[in-house]
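This report concerns only the one structure given below.
So that the names make sense, note that chain A is the first sequence line, chain B the second, and so on, each numbered from 1.
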Number of protein chains: 2
Amino acid sequence: MDDGGNAGRPARSQRADARRNKEALLDAAAAVFVASGVEAPVRDIAAKAGVGVGTIYRHFPTRADLIVAVYRHQVESCAEAGPALLASSPTPHAALARWIDLFVDFLVTKHGLAAVLQSDSAGFETLHAYFLDRLVPVCTRLLDAAAAAGEIRSDVAALELMRGVGNLCIGADKDPDYDARRLAGLLITGLRRTE
Amino acid sequence: MDDGGNAGRPARSQRADARRNKEALLDAAAAVFVASGVEAPVRDIAAKAGVGVGTIYRHFPTRADLIVAVYRHQVESCAEAGPALLASSPTPHAALARWIDLFVDFLVTKHGLAAVLQSDSAGFETLHAYFLDRLVPVCTRLLDAAAAAGEIRSDVAALELMRGVGNLCIGADKDPDYDARRLAGLLITGLRRTE
DNA sequence: TAGCAAACGGAACAAAGTTCCCCTTGGTCG
DNA sequence: CGACCAAGGGGAACTTTGTTCCGTTTGCTA
């Protein structure tokens, strides 16, 4: 159990140099992810942070944990945007469409994140689980609202939809002719109740 | 170049042991792919075929070439099914939907193939290119027919759609709750012209 | 049957994640 | 103020996997 969740409060249990290095690692990782993508070698991140690889693993048991830590607050923003959109959009379906756009934009701008999200390479369950735990409930609420309003069919689960949209984002950053947002939009359109 | 160094002679002739090994490799690869997925280690395939790894690389310059060779005839079948469906379906849109189903079924039953298809790891461009070269024209024809019949919007390119559908298939074999076919169907439904 | 180029096997090399272990050091206690 | 020691750090080493290299074997032909 790590106390990484105590934002703002100084963790007495951690030595000063440890906290400093953890901070440096998060910064370095963010920079390297932007420059070389989420799949950048661990050694590159260690080098950029000026620490040894062992130090990375001391703070983040696996690569995936580092990725989660780097993007945690952006995922949080996305999650929080759900209810807000529901309140401010003309219809639940519109809110859903906009929220999915947010999600797609987030994934696409993080080179390779979508690909790694669904990867079943050992260690990435953490990453997968975190995203899903945080975002699926939000998506469920949007879907339920739209279904309750009779706008969409109600036989598609949030988890399935999120995975589908996530998959659509894979490789979207490599090919300018591939518009993940549009395809995701098609998916949401296809959700509409056929009357 | 086909085979180097055959001055003047129609060197169609491969040595008998070479042909035998190539055959054994294709069989072994097919078996291993079914058992362990497309991402199975090259060494496993070599072992199963009873040859050294060097022999694999003699026949197939890269892993991707082996994969292409193993699935070539199935891709061929899929490609040929396109025009047939167009002729036998009530509408072009129905033909498109059915053809996409075929494509999805093909991908999903090959563990990990979809994932590897979009992977940009060195060497897989071959695989990507082969699939696209063969199937995109077929998809284009179906899309054009449906667009000409006024059934769908005409601003989505076959390449984009195929990539989207391919992406939707990623990981579909790992999770029984994830129905790639249904999601792909949603995508095709979303293509319908909104009137 | 001898000779040779084609084919083979598998050791060796190159990335990449992860683990291990010995050394350094921050913070506390005498 | 200095000694102590566990937390922390560094990076070599281990593992896995694709790919290359090269000495050896072997099918074919003359």
Okay, side chain of A:Thr109, backbone of A:Phe106: is any donor-acceptor separation there less than 3.5 Å? yes

Between atom CZ in A:Arg58 and atom P in C:dT25, what is the gap in whole Å? 15 Å

Within less than 4.0 Å of OP1 or OP2 of D:dG8, is there a side-chain N or O belonging to A:His59? no

Does OP1 or OP2 of D:dT19 have a side-chain N or O of B:Tyr57 closer than 4.0 Å? yes

Nucleotide N/O to protein N/O under 3.5 Å, stretch nucleotides 12-16 of chain D:
residue, atom, partner, partner atom, Å
D:dA13, N6, A:Arg43, NH2, 3.2

Would you indicate which nucleotide in D:dG9, C:dC8, C:dT19 comes nearest to any side-chain atom of B:Thr55? C:dC8

If hydrophobic clusters are built from ILVMFWY residues whose side chains come within less than 4.5 Å, do B:Leu113 and B:Trp99 share one? yes

Rounded to whole angstrom units, what separation is found between the CD atom of B:Gln14 and the C1' atom of C:dC8? 14 Å

In terms of side-chain geometry, is the basic nitrogen of A:Glu151 or A:Arg192 positioned less than 4.0 Å from the acidic oxygen of its partner? no

Return the value, rounded to whole Å, for the distance between atom CG of B:Asp65 and atom C1' of D:dG18. 13 Å

Does OP1 or OP2 of C:dA7 have a side-chain N or O of B:Asn21 closer than 4.0 Å? no

Roughly how many Å is it from CZ in B:Arg20 to P in D:dG27, rounded to a whole number? 7 Å

Would you indicate, yes or no, if C:dG26 has its OP1 or OP2 atom less than 4.0 angstrom from a side-chain nitrogen or oxygen of A:Arg15? no

Is any NZ, NE, NH1 or NH2 atom of the basic residue among B:Asp173 and B:Lys110 found under 4.0 Å from an Asp or Glu carboxylate oxygen of the other? no

Whichever of B:Ala16 and B:Ala40 has the more 5' nearest nucleotide on DNA chain D, that residue is B:Ala40

What is the distance from CG of A:Asp17 to P of D:dA6, rounded to the nearest Å? 17 Å

Given C:dT18, is OP1 or OP2 found less than 4.0 Å from the side-chain N or O atoms of A:Thr62? yes

Quick check: any donor-acceptor pair below 3.5 Å linking the side-chain of B:Arg63 to the base of D:dG18? no

Whole angstrom value for the distance that separates P of C:dG17 from CG of A:Leu127: 14 Å

Can you check the B:Ile45 CD1 to D:dT19 P distance for me, whole Å? 11 Å

If you measure from CD1 on A:Ile56 to CG on A:Asp65, what distance do you get to the nearest 0.5 Å? 12.0 Å

Is the closest basic N to carboxylate O distance between B:Asp17 and B:Arg15 below 4.0 Å? yes

If I take atom CZ in residue A:Phe60 and atom C1' in nucleotide C:dT18, what distance separates them, rounded to the nearest angstrom? 16 Å

Quick one: does A:Thr55's side chain have a donor or acceptor within less than 3.5 Å of a partner on A:Val51's backbone? no

